Amino acid sequence: APSISPDGVFVGARDGYLYRMDAGRDAPRRILGSHRSSGLAEIAARPIVAGSRVVYGTVNDASLYCLAATDLSVLWKRTFDDWFEVDGALDATTGRLYVAVRDGTLHAIAVDTGDELWRASIGPALGALAAGGGGVFSVGPDRKARRTEAAAGKLGWSVVLPSAPSDGPLYRDGRLYFGVLDRRVEVLDAGSGERLPAFELPEECRTRPVYGEGAIHALTVSGNWVAFDPSSGRELWRVATSLVNPRSPVVAGKCGYAVGSQGKVVAIDLATGRLEWLYETNEDVDAPPEALAGLLVVAGNKNVHAFEIEE
């Protein structure tokens, strides 16, 4: 999956290279540089942009690299006991990066130095981690949602969800939102782990919910985009996008953007559910899109597609 910063668009590839591309409007497809991981180790998780740095983890050599975003020079490298398969979470206020490796260990890393601040056993994690409200949140294939205290790595709570999620949670305003297979968005209080009333969906949800225009948005397996009032759980609107096996959407300004596995990209007005535009990439897409500073980026299996959007 791609990441965006003022210094460029960063895409990790299966060939073991992290590519930096021009994020400018005139030449968004120009490759400015690349960094080769040791032994051409596959990059499976989204690179994380932290100010003037970009951090990515690899599969084969189980290493975490921190590079200067401008020239991709290596600032530090750490090697772990197992490899990276899920997206990490950055707390920009504390300068901490949280990453989980396949053996079920969660690591807190200082972005500036690469020092490990603590580690905790959380079990295997699905999808992306989330951080906020003094906690780091994860969910595993055992349906256990967990809060790990960001200060010291101690377990805050552990709750078994009634249905299996396929991706990590959204953290928003003290609550966690999980898209699950049992046609719901499960909602937990992030501080206590208390289960709150769920949002009902027309079918299973395999994506991570997002927040935009005062609502929680969920995208179902056959492309139904549903918006909910976060306070009452009332459905505000729904629209059929016709996306097949969509990836988790992204929000930028007043629109949400999503892509299906067959490469169709849609833009949805988050206030009304109106389809703003649709684009066919004509290639398979495995990763969710990313948007920042007026740019939407979709990484296909062969090409990277950039779109100018409203901020």
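This structure is a prediction, so every number in the text was calculated from the model and none was measured. All residue numbers in this chain count up from 1 along the given sequence. Any value given below was found using the heavy atoms of this structure, including those in side chains, with hydrogens, waters and symmetry copies removed.
- Side-chain atoms of Ser121 and Thr105 include no donor-acceptor pair closer than 3.5 Å.
- Shown here for Val239 and Ile268, the closest heavy-atom pair between the two residues is CG1-CD1, 4.3 Å.
- Thr207 OG1 to His217 NE2: the interatomic distance, rounded to the nearest 0.5 Å, is 12.5 Å.
- Put simply, the side chain of Arg20 gets close to the backbone of Thr70: a donor and an acceptor are under 3.5 Å apart.
- Taking the six-membered ring for Trp and thresholds of 30 and 60 degrees, His305 and Phe307 have nearly parallel ring planes, at less than 30 degrees apart.
- Leu90 and Leu292 are members of different hydrophobic clusters when ILVMFWY side chains are connected at heavy-atom separations under 4.5 Å.
- The closest side-chain heavy-atom distance from Val210 to Tyr257 is not below 4.5 Å.
- Of the N and O atoms on the side chains of Glu290 and Ser3, not one donor lies less than 3.5 Å from an acceptor on the other residue.
- By the neighbour-count criterion of 12 heavy atoms within 6.0 Å, atom CD of Gln262 is sparsely surrounded, having that number or fewer from other residues, nucleotides or ligands.
- In this model, no donor atom of one side chain and acceptor atom of the other lie less than 3.5 Å apart for Thr148 and Lys154.
- Of all non-hydrogen atoms in Pro47 and Ala1, the two that sit nearest each other are CD-O, 3.2 Å.
- Checked by atom type and distance alone, the side chain of Asp87 pairs as donor or acceptor with a backbone atom of Arg46 at under 3.5 Å.
- Looking only at distances, a side-chain donor or acceptor of Arg53 sits under 3.5 Å from a matching main-chain atom of Asp112.
- Between the side chains of Ser248 and Asp167, at least one donor N or O sits under 3.5 Å from an acceptor N or O.
- Both the sub-6.0 Å distance and the 45° axial angle are not jointly satisfied by Arg147 relative to the ring of Phe137.
- For the residue pair His35/Tyr56, the side-chain donor-acceptor check at 3.5 Å is satisfied.
- Under the 4.0 Å criterion applied to side-chain N and carboxylate O atoms, Arg195 and Glu186 are assigned as salt-bridge partners.
- When all heavy atoms of Gly57 and Phe84 are compared, the pair lying nearest together is CA-CD1, 3.8 Å.
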Carefully, step by step, assess Phe80 and His107 under the rule ring pair (Phe, Tyr, Trp, His ring centres under 6.0 Å). CA-CA 10 Å; Phe80 295 82; His107 301 263; 4.6 Å; yes
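- Inspection of the Glu203 and Asn224 side chains reveals an N or O donor paired with an N or O acceptor under 3.5 Å.
- Side chain of Arg78 to main chain of Gly114: a donor-acceptor pair is present (N/O by atom type, distance under 3.5 Å, no hydrogens or angles).
- Summarising the geometry of Val11 relative to Ala299, their closest heavy-atom pair is CG1-CB, 4.4 Å, with the distance given to 0.1 Å.
- Salt-bridge check for Asp286 with Arg247: passed, with a basic side-chain N closer than 4.0 Å to an acidic carboxylate O.
- Checked for salt-bridge contact, Asp173 and Arg175 miss the test: no charged N lies under 4.0 Å from a carboxylate O.
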